[in-house]
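Protein chains get the first letters and strands the later ones, always in sequence-line order, with residue 1 at the start of each.
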2 protein chains.
Amino acid sequence: MKRPTIADIARKAGVSKGAVSYALNGQPGVSDATRQRIVAIAQEIGFNPNSAARALSGASARAVGLTLCRPARILSIEPFFMGLISGFEQELAARSYALTLQVVATPQTETEVYRRWWGERRVDGVFVTDLRENDIRIPVLNELQLPAVVIGGPGDTGELAQLWSDDAGAITEAVGYLMALGHRRIARVGGLPDLLHTQTRTRAFTEVCAKLGLSEAITVPSDYTGEEGGRATRRLLINAERPTAIIYDNDVMAVAGLSVAQEMGLSVPGDLSIVAWDDSPLCSLVHPPLTALSRDIAAYGAHAARQLLAAIAGEPVGDVEEGTAHLTPRGSTAPPREN
Amino acid sequence: MKRPTIADIARKAGVSKGAVSYALNGQPGVSDATRQRIVAIAQEIGFNPNSAARALSGASARAVGLTLCRPARILSIEPFFMGLISGFEQELAARSYALTLQVVATPQTETEVYRRWWGERRVDGVFVTDLRENDIRIPVLNELQLPAVVIGGPGDTGELAQLWSDDAGAITEAVGYLMALGHRRIARVGGLPDLLHTQTRTRAFTEVCAKLGLSEAITVPSDYTGEEGGRATRRLLINAERPTAIIYDNDVMAVAGLSVAQEMGLSVPGDLSIVAWDDSPLCSLVHPPLTALSRDIAAYGAHAARQLLAAIAGEPVGDVEEGTAHLTPRGSTAPPREN
DNA sequence: TGAATTTACTGAACCGGATAAGTGACGCGA
DNA sequence: TCGCGTCACTTATCCGGTTCAGTAAATTCA
């Protein structure tokens with residue numbers, strides 16, 4: 001089956017290729033009557049502009065890219081990215097931009113993918129997640145002048161637009177809530193320590209605990225996997241002075257932590273309260289359901305997509321802080337047992 | 001920054017554009033010495049062929065598409081798709097094919113996306129998941145002659161290649177195992193009933209139970225979500241003659257089922273054994289860890305990608321049944337308690 | 001009424017590769 | 001030594017859009 005081209009439309013309408021192009025793109029240079037005739041013919045024969053031809057003649061590729069740099073077994077279970085992607089799509093689909101995905105092993109490979117995409121003119125811009133300190137991807141993107149939105153800061157991204165969520169506010173709310181319940185020994189199982197937003201959270205956690213008079217605000221670094229999250233929990237709970245509440249940097253680790261606590265014979269929330277950061281259906285699935293810091297990840301992604309499209313369009317795009325996650329109390333938190 | 005083109009390379013090497021194209025694509029028509037010189041220059045200036053130009057001059061778009069038709073909240077937590085995507089990427093990245101993703105709401109929209117992708121010449125082929133009975137996507141793909149691999153059959157797909165896993169074998173193994181433990185009342189919480197592979201599983205479950213002499217092999221339909229899985233579990237367990245073992249069509253529902261059982265005061269595996277279909281890290285996270293039907297989903301995806309690339313290359317591609325999932329016994333299964 | 005401007009187009013160049021057709025130079029067999 | 005085939009290229013065309021320069025007709029304005 002042959003794909004219809006603007007030449008086909010031009011022939012049918014009895015005009016030139018150029019006129020068809022103007023008509024379909026809403027450019028001036030054709031009369032309303034002709035435009036309507038051309039649009040009708042395009043509709044009728046099911047015309048879709050060849051994206052390659054379009055991209056080649058200097059216009060945009062109408063595609064944006066996302067690289068995911070996590071091992072497959074983490075990606076498969078981590079709800080965050082799929083939520084983010086769903087959010088991207090809401091905006092992208094509406095303007096018929098395609099999303100190109102690539103799973104990579106290292107940040108080094110990510111920069112290579114950016115270079116290739118740029119060279120191939122495959123994408124008009126990219127989403128950057130998991131910002132690190134002195135992130136090697138940032139200078140590459142700046143050098144290539146490839147529009148990008150960086151998710152997971154704030155950090156030093158040069159000219160690139162950024163989007164992050166108010167992690168300090170969220171952790172203040174969580175710690176305040178646990179203290180109001182009567183907890184005094186609160187620990188945190190953190191995400192990958194080299195990610196910038198993990199560092200932001202750690203700093204905020206330490207500060208807010210200090211301000212509220214909690215002497216020992218321990219953060220155990222972890223890596224977002226259930227195994228590590230469980231291991232970190234075990235380390236925390238074998239202490240004589242074990243915490244009465246633990247905040248986890250993602251839901252997967254929180255579920256693992258819950259499981260470890262139950263396995264050690266501790267009751268949740270009686271002996272240990274648990275708060276999960278990011279509220280996926282996972283949190284409501286387990287028993288007891290987990291108190292979580294909820295934020296609308298799809299909305300977060302949609303916002304990022306709008307920013308990226310604006311950056312691609314050449315509009316000035318500032319850095320944006322998304323709203324604070326709010327606490328959704330469920331069965332995993334309660335006042336600590338007197339002992 | 002200007003992208004290097006073959007014209008730049010041609011100028012540097014003192015040859016024509018055509019020679020460069022032949023040299024870089026391994027075509028005959030240039031001497032080894034010249035070829036090496038050209039390749040070296042391309043390397044040096046970091047040349048990547050413009051994908052649009054390539055696609056336009058009749059070659060392939062070097063991209064394949066995947067549409068995902070599940071609501072965001074299911075996608076985010078369902079580990080299957082991310083595992084599949086990781087598998088796709090293993091093969092695609094190796095041959096520098098891009099993966100274009102689109103999240104859609106209905107199968108109807110999927111067909112529209114296929115038409116658009118075809119018209120735009122954006123992809124060379126597509127992955128089709130969640131095959132249904134009389135699936136409306138199949139005739140569209142056959143009409144467009146768009147290469148495709150259908151995952152989740154077997155079913156009637158005309159000329160399109162198919163890949164499915166041996167669900168009957170897997171369920172035979174699971175039921176056999178539970179019977180060997182002494183279970184006689186085994187139920188199943190199924191996935192979306194209109195998906196073909198769910199129907200295959202249901203049929204196989206009924207058959208194998210009948211063959212092994214289990215009179216009541218109930219399948220409760222569900223939709224892969226935790227909520228529905230939990231609800232279905234509750235319905236099963238309030239029966240006087242409640243099952244002593246339940247097989248779930250995915251891990252999310254199994255986890256939810258576990259949670260419901262515990263909430264109802266039933267011990268797992270003492271009062272109820274649980275088997276999950278598809279073994280994600282989720283199964284090892286909960287307490288007790290879930291016995292699961294494990295299959296290598298990434299390998300499944302990689303296999304599908306190889307098939308799709310072969311179909312795109314015009315090679316004959318037959319239907320393939322992937323290996324049977326094997327049972328990984330964990331703490332959620334045990335002999336039923338005497339009562 | 002004639003000149004200037006605007007409208008509604010057409011024709012052709014261009015983007016950057018792939019590729020068919022053409023062209024010398026060279027080697028080799030008769 | 002002629003003719004033929006092969007090699008190593010070059011030249012030119014094509015893919016399907018976008019866009020700029022040009023043009024004839026219609027309209028505006030003095």
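Rounded to an integer number of Å, the gap from CZ of A/Arg121 to C1' of D/dG17 is 13 Å. C/dG16 atom C1' lies 13 Å from atom CD of A/Glu120, rounded to whole Å. When the P atom of D/dG16 is taken as reference, atom CG of A/Leu24 falls 16 Å away, rounded to whole Å. Rounded to whole angstrom, the span from the CH2 atom of A/Trp118 across to the P atom of C/dG16 amounts to 11 Å. Atom CZ of A/Arg35 is separated from atom P of C/dA8 by 10 Å (rounded to the nearest Å). Per the geometry, CD1 belonging to B/Ile9 stands 11 Å off C1' belonging to C/dG17, to the nearest Å. Rounded to an integer number of Å, the gap from A/Asn48 CG to D/dG16 P is 14 Å. Across the protein-nucleic acid pair, B/Gln27 atom CD and C/dG17 atom P stand 16 Å apart, rounded to whole Å.
Residue A/Ile6 forms a side-chain contact (heavy atoms from CB on, under 4.5 Å) with just one option from A/Ile38, A/Val20, A/Asn50, and that option is A/Val20. For the side-chain contact (heavy atoms from CB on, under 4.5 Å) criterion with A/Val150, the lone passing option out of A/Asp130, A/Leu141, A/Ile138 is A/Ile138. A/Arg306 pairs in a salt bridge (charged side-chain N to carboxylate O under 4.0 Å, His left out) with only one of the listed residues (A/Glu91, A/Glu315, A/Glu322), which is A/Glu91.
Heavy-atom nearest nucleotides on DNA chain D were determined for A/Lys17 and for B/Val30, and the one closer to the 5' end corresponds to B/Val30. Where B/Gly29 and B/Ala53 each meet DNA chain D at their nearest nucleotide, the meeting point lying more 5' is that of B/Gly29.
Set against D/dG17, C/dG16, D/dC20, the side chain of A/Tyr22 has D/dC20 as its closest nucleotide. Comparing D/dT11, D/dT19, D/dC9 by their closest approach to the side chain of A/Ser21 singles out D/dT19. Comparing D/dC9, C/dG17, D/dG16 against the side chain of B/Ala19 picks out D/dC9 as the nearest. Listed nucleotides: C/dC9, D/dG16, D/dC15. Nearest to the side chain of A/Ser31: C/dC9.
Here the closest heavy-atom approach between residue A/Ile312 and residue A/Tyr97 is recorded as CG2-OH, 4.0 Å. Scanning both residues, A/Pro107 and A/Arg137, for their nearest heavy atoms gives O-CG, 4.1 Å.
Comparing the helix axis at one end of the helix from C/dT1-D/dA30 to C/dA30-D/dT1 with that at the other, each defined from 5 consecutive pairs, gives an inter-axis angle of 50° (nearest 10°).
For the pair B/Leu131/B/Gln162, a side-chain contact is recorded, criterion being any heavy-atom separation below 4.5 Å from C-beta on.
Across all strands, A/Ser51 comes closer than 4.0 Å to no nucleic acid atom at all (heavy-atom distances). Backbone-only contact: B/Val15 has heavy atoms under 4.0 Å from sugar-phosphate atoms and none from a base. Using a 4.0 Å heavy-atom criterion, one finds that B/Thr5 contacts the sugar-phosphate atoms exclusively.
Applying the 4.0 Å criterion to OP1 and OP2 of D/dC15, one finds that B/Ser57 has every side-chain N and O outside that range. Phosphate contact (OP1/OP2 of C/dA18, side-chain N/O of B/Arg54, threshold under 4.0 Å): present. Residue A/Asn25 places at least one side-chain N or O closer than 4.0 Å to OP1 or OP2 of D/dT18. The side chain of A/Thr34 contributes an N or O atom lying less than 4.0 Å from OP1 or OP2 of C/dC9.
The main-chain N or O of B/Pro139 is never found under 3.5 Å from a side-chain atom of B/Asn142 such that the two would form a donor-acceptor pair.
Distance CZ/B/Arg54 to CG/B/Asn25: 5.5 Å, rounded to 0.5 Å.
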